[in-house]
Amino acid sequence: MSSNNDKPTTPTTTTSQPKLKEGCCDVDNKPSQKQKQQQQPKKQQQQQPKKQESSKPKLNTPPTVDMPNDIKYVDSHVHVDQILIRLNKTLDEFPIFQKENYPIQFEKCVQVCCDPVALEYTDMLVQFDPIYAAYGVHPHNASEYTDDIEQKLITRMSHPKTVAWGEMGLDYYYNKSPVDIQKQAFSRQLVAAVQCKKPIVIHSRDAEQDTITILKDLVPKEWKIHIHCFTSSNLDFAKSLLEYFPNLYIGFTGCISFGNSQPIRDAVSLVPIERMLLETDGPYMTPMPFRGQVAHSGHIPLVANVISQVKNIPLVDVLKQCRINTTNVYGI
Ligand SMILES: [Zn+2]
């Protein structure tokens, strides 16, 4: 928002609050493999082969990360609306929340509005200086993608603080909307985003093949693309995307710090630092050691710290390069 607090443009909470959303991208909502095993009869549990100790080094995820004061970072994907709702805070409490919880190295964030119900709320959030926006319809809400919603998204693309269209994509893990409807909403949004000349934010879960086919079909090769919250264990998926689209970047969240996320850390090893984006996907994907709490942009240094360890690159260099990458994709 503007630094002059007396201006009538100060966001207020007069517009209805968006509804509380169940994990848009959260891995925690479905029963984990461990929970599934625990639900199995005892006899079967005893027959489970002994867990192999990983040869990979243990991660060090401290509660705070040491960084120089002059380094700046951007959280390239966060749902501020969902964070405030979960914390029972009103929209005008954002600046205080930022001051109390984000380190001084926090510079900007991209508020991702992916549910039609949060459109107006996001319009108000971007009145805060550090908040930029992406608007789209999540595959979970694909059935709600109508001509009317599409028009509302197109209108918002010309706002000076709108940096992208998304997140949109395919989610065959939760399948909250039928596959055909998901594909249709995804395709329509890609066409519209390209017409509006906007970078795109992609959500893809257990839908690698269809995602890549549709992207190649509808998106020009040179397009700026953010594959958000990479959780696939299919490294070929990452490889072929990076190879085919020269301006495609892969976003990593706090889930790279989870004990059971070695396949995602393998993707961190594979993806060049020049093609990575830092994101929290807050309130979801809270990094260790805060798992179970609400993720927010103050957690970015923890994500960067894991990347630094996995790739054996100094933390400062991870932050600097990802800051450049963010400008390359979003122009901020
Ligand atoms: Zn998200």
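Positions are given from 1 along the sequence. Numbering of ligands and ligand atoms starts at 1, following listing order. What's counted below: heavy atoms across the whole structure, side chains too, no hydrogens, waters or symmetry copies.
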Can you sort out the partners of F245 under ring pair (Phe, Tyr, Trp, His ring centres under 6.0 Å), two or more places apart, ordered by chain and number?
-> none
Of all the N, O or S atoms in D281, the one nearest to the Zn ion (ligand 1) is OD1
Flag H77 as yes if one of its N/O/S atoms falls below 2.8 Å of the Zn ion (ligand 1), otherwise no.
-> yes
Can you list the steps and then say if D81 with Q111 is a side-chain hydrogen bond (donor to acceptor under 3.5 Å, both in side chains)?
-> CA-CA 8 Å; D81 56 320; Q111 146 71 8; 3.2 Å; yes
Can you name the ring pair (Phe, Tyr, Trp, His ring centres under 6.0 Å) partners of F94, sequence neighbours left out?
-> F128
Would you say H79 has an N, O or S atom lying under 2.8 Å from the Zn ion (ligand 1)?
-> yes
Over all atoms of both residues, closest heavy-atom pair of F258 and R265 = O-NH1, 2.8 Å
Atom nearest to the Zn ion (ligand 1) - E167, N, O or S atoms considered = OE2
